[in-house]
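Taking it in order: structure first as structure tokens, then the write-up.
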Amino acid sequence: MVDLSVSLAGVTLKNPIIPASGTFGYGREFAEIYDLNILGSFSWKGTTRDPRPGNPQPRIAETPGGMLNAVGLQNPGMEAVLREEVPNIAKIFRGPVIANVCGFSLEEYAENCARLNDAEQVRILEVNISCPNVHAGGKNFGSDPQSAAAVTRAVRAATKKPVFMKLSPNVTDIAEIAKACEAEGADGLCLINTLLGMRIDLRTKRPLIANRTGGLSGPAVFPVAVRMVWDVYEAVGEKIPVIGCGGVSSAEDAAEMMLAGASAVEVGAASLRDPWACKKIIEDLPAVCERLGVSQISELTGGAHHGA
Amino acid sequence: MKQCTFIWRSRRQLTPDTWELVLMALNSQDAAAVTAPGQFVNLALPGKFLRRPISVCDWGKYHLTLLVKEAGEGTKELVRLPPETELDVLAGLGNGFDFAPETVGPAPVLVGGGIGVAPLYGLAKRMLENGQSPRAVLGFRSRADSFYLEEFAALGIPVLPASEDGSLGVKGFVTDALNTLPDCSYVLACGPTAMLKAVHALPQLTGGQFSFEARMACGFGACVGCTIETKNGLRRVCKDGPVFRKEEILW
């Protein structure tokens with residue numbers, strides 16, 4: 001028997017597989033498809049203080065090996081999530097939930113995190129810092145170490161729950177951002193968010209997506225994510241855990257992400273093509289672990305760094 | 001929604017860029033995943049990350065009929081797959097049309113434009129089986145671009161075609177054809193957005209249902225990539241639609 005359980009900042013997950021934020025809503029749609037209790041956890045849709053309608057259509061474009069999305073953080077707002085989604089999640093899932101939290105100012109990040117203090121099932125806050133700072137000309141919080149550190153500081157002071165900062169890959173040196181977040185008390189990191197991309201329609205000679213740019217996800221980004229998880233693990237891996245995210249579509253990919261340094265693995269775009277992707281990955285993990293010669297999946301974490 | 005395996009069985013060319021595809025189910029439960037006319041399937045294609053949402057034209061115990069217009073790489077490949085290719089299909093997606101007599105009234109009109117004609121064929125068949133007698137107004141650019149007129153005629157329902165160049169039926173748009181009908185107060189429509197909008201604005205309508213199209217990622221409501229704004233708030237074309245009622249639509 002392979003032990004699939006992993007620990008994230010003191011929170012035990014029965015396996016390392018976590019549907020990624022933005023591909024799983026608040027669990028309702030997937031609860032009609034399979035029993036969510038097979039999952040280690042799930043990361044709910046990025047939630048802001050106020051309801052957001054998101055971006056105009058079209059929001060989706062295909063790319064080689066993946067897709068672009070510009071949904072634009074459409075969500076019902078924190079109040080509606082606390083009122084309607086949190087009670088529903090308790091009915092469809094018994095495990096620990098990761099709350100993905102967004103904000104457009106330091107105050108909003110702190111407020112959104114604080115409002116989740118009484119939501120017991122929310123065991124980890126995943127703070128999306130790929131949001132524009134309305135007080136800094138729309139520059140993303142995740143784009144430099146100082147502003148990433150400032151968000152970490154603000155949310156750290158607002159909550160006692162473990163805080164995982166979700167890092168943007170659209171930076172020169174992701175390890176510097178990781179170090180800045182760790183230094184301000186982040187309990188963990190999650191990476192990568194989507195890569196900024198664009199497609200242009202040859203018929204209209206205009207960008208395919210109304211927002212012009214969108215976030216690239218899917219198998220195409222997998223090697224980028226593995227490399228960045230590797231870099232971040234080198235920088236802070238001995239101090240805090242890393243959730244690896246980006247293009248994972250199989251149990252083998254999940255194992256590779258863990259060998260690069262991930263303690264747990266988020267699966268995003270794969271579930272949009274194959275709704276049962278997470279279930280299949282979880283079912284395949286024991287055999288992959290046996291093949292790799294580990295009886296505890298957590299032994300894989302960072303294995304590629306020490307020649308394990 | 002059900003994940004099914006269908007076999008690409010045959011194709012028939014309808015116009016230079018429009019094809020009828022027949023897919024056979026490996027078992028009868030698979031085709032039964034389609035429960036209402038106006039629903040769609042989401043097909044995985046080899047080498048393409050996103051599935052292709054295609055409206056169901058007709059279905060039987062063991063088969064699906066799809067009408068496919070070559071619009072991009074995916075649809076070009078789909079109509080050229082080798083016969084007997086196994087396709088991974090998510091079936092039974094979306095709400096479909098509500099054709100209950102108390103909803104659509106005594107004289108509903110099916111209104112299709114271009115490839116939007118596809119789901120109206122299956123709808124017409126189900127309405128006839130249900131003892132209802134719809135009429136159809138089908139619009140195309142020209143006679144050369146038209147298709148499925150004989151199939152609709154074979155159902156024995158009145159069909160009024162329209163073409164932009166006048167080479168077929170009423171010269172003009174489906175709205176011009178609809179304006180020649182004596183009683184046209186309820187429509188069940190599918191077609192390009194501009195057509196839906198023009199039909200929606202007809203003063204003689206007291207109600208109707210309109211099937212929308214959108215670029216989608218998942219097709220089952222999870223990614224909210226296809227959200228539109230309605231009078232009842234944000235709605236997903238894939239899961240809350242694709243069919244929306246006249247009174248809830250915002251343009």
Side-chain angles (χ1 to χ4, degrees), chain A residues 19-20 22-34 45-46 51-76 80 199 201-203 208-210 214 216-220 247 249 268-277 280, chain B residues 1-5 17 33 42-53 70-78 87-94 193 212-242 250-251:
Chain A
T23 61
F24 211 74
Y26 297 89
R28 287 178 187 269
E29 295 75 23
F30 281 90
E32 294 174 17
I33 297 170
Y34 59 78
K45 177 131 186 60
R52 282 177 59 86
N55 287 326
Q57 290 289 333
R59 299 173 170 185
I60 303 289
E62 188 171 59
T63 70
M67 58 178 280
L68 293 175
N69 89 81
V71 166
L73 295 177
Q74 178 189 330
N75 78 92
R199 297 291 322 260
D201 187 336
L202 292 184
R203 282 174 298 183
L208 261 171
I209 287 184
L216 178 65
S217 60
S249 356
S271 294
L272 304 182
R273 178 182 165 92
D274 176 2
W276 291 271
K280 290 174 189 164
Chain B
M1 178 178 75
K2 188 169 188 293
Q3 186 165 34
C4 312
T5 303
D17 64 358
N42 217 0
L43 298 129
L45 293 175
K48 291 278 179 280
F49 184 71
L50 293 178
R51 290 171 182 266
R52 294 303 189 272
E70 294 180 42
E73 280 177 43
T75 42
K76 274 187 177 34
E77 285 171 27
L78 172 60
L87 287 167
D88 165 2
V89 177
L90 298 179
L93 299 173
T193 306
F212 282 65
E213 192 173 48
R215 284 181 180 267
M216 294 174 187
C218 68
F220 53 86
C223 74
V224 298
C226 62
T227 303
I228 58 166
E229 205 179 339
T230 72
K231 287 181 187 163
N232 299 324
L234 301 172
R235 290 290 181 268
R236 298 158 297 183
V237 171
C238 70
K239 175 107 174 166
D240 306 310
L250 285 174
W251 298 102

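Each chain gets a letter, A, B and so on, in the order its sequence line appears, and its residues count up from 1.
Of all heavy-atom pairs spanning B:F49 and A:P219, the tightest one is CE1-CD, 3.3 Å. Across A:L272 and B:F220, no two heavy atoms sit closer than the pair O-CE2, 3.9 Å. Nearest approach of A:D274 to B:Q3, heavy atoms of both residues: OD1-NE2, 4.2 Å.
A:A70 does not touch chain B: none of its heavy atoms, backbone or side chain, sits under 4.5 Å away. Interface residue A:F30: only side-chain heavy atoms are found under 4.5 Å from chain B. Both the backbone and the side chain of A:P275 come within contact range of chain B, with heavy atoms under 4.5 Å apart. Residue contact with chain B, scored on non-hydrogen atoms closer than 4.5 Å, involves the side chain of A:R203 exclusively. With a 4.5 angstrom heavy-atom cutoff, B:L50 touches chain A via backbone and side-chain atoms both. With a 4.5 Å cut-off on non-hydrogen atoms, A:S249 does not touch chain B at all. Using a 4.5 Å cut-off between heavy atoms, A:A220 makes no contact with chain B at all. With a 4.5 angstrom heavy-atom cutoff, A:E62 touches chain B via backbone and side-chain atoms both. Heavy-atom distances place no part of B:E229 under 4.5 Å from chain A, backbone and side chain included.
Most heavy-atom pairs under 4.5 Å with chain A: of the set B:G74, B:G221, B:G47, this distinction falls to B:G221. For chain A, the option among B:R52, B:K2, B:E73 with the highest count of heavy-atom pairs below 4.5 Å is B:R52. Of the listed residues (A:A269, A:G27, A:G25), the one with the most heavy-atom contacts under 4.5 Å to chain B is A:A269. Your options are A:P53, A:G218, A:P76, and the one with the most heavy-atom pairs under 4.5 Å with chain B is A:P53.
Remark: A:Q57 CD to B:C226 SG distance equals 6.5 Å, nearest 0.5 Å. Distance check: A:E32 CD to B:K239 NZ gives 3.5 Å after rounding to the nearest 0.5 Å.
In the displayed structure, A:L202 atom CG is contacted under 6.0 Å by at most 12 heavy atoms of other residues, nucleotides or ligands.
Within the 3.5 Å criterion, the main-chain N or O of B:A222 finds no donor-acceptor partner in the side chain of A:E29. B:R215 places no side-chain N or O within 3.5 Å of a backbone atom of A:I209 that could act as its donor or acceptor partner. Formation of a donor-acceptor pair under 3.5 Å by the A:Q74 side chain with backbone atoms of B:G225 is not found in this model. Although no hydrogens or angles enter the test, the distance criterion places a donor-acceptor pair under 3.5 Å between the side chain of A:R273 and the main chain of B:K48.
Looking at heavy atoms from C-beta onward, B:V224 lies in side-chain contact with A:K45 at the 4.5 angstrom threshold.
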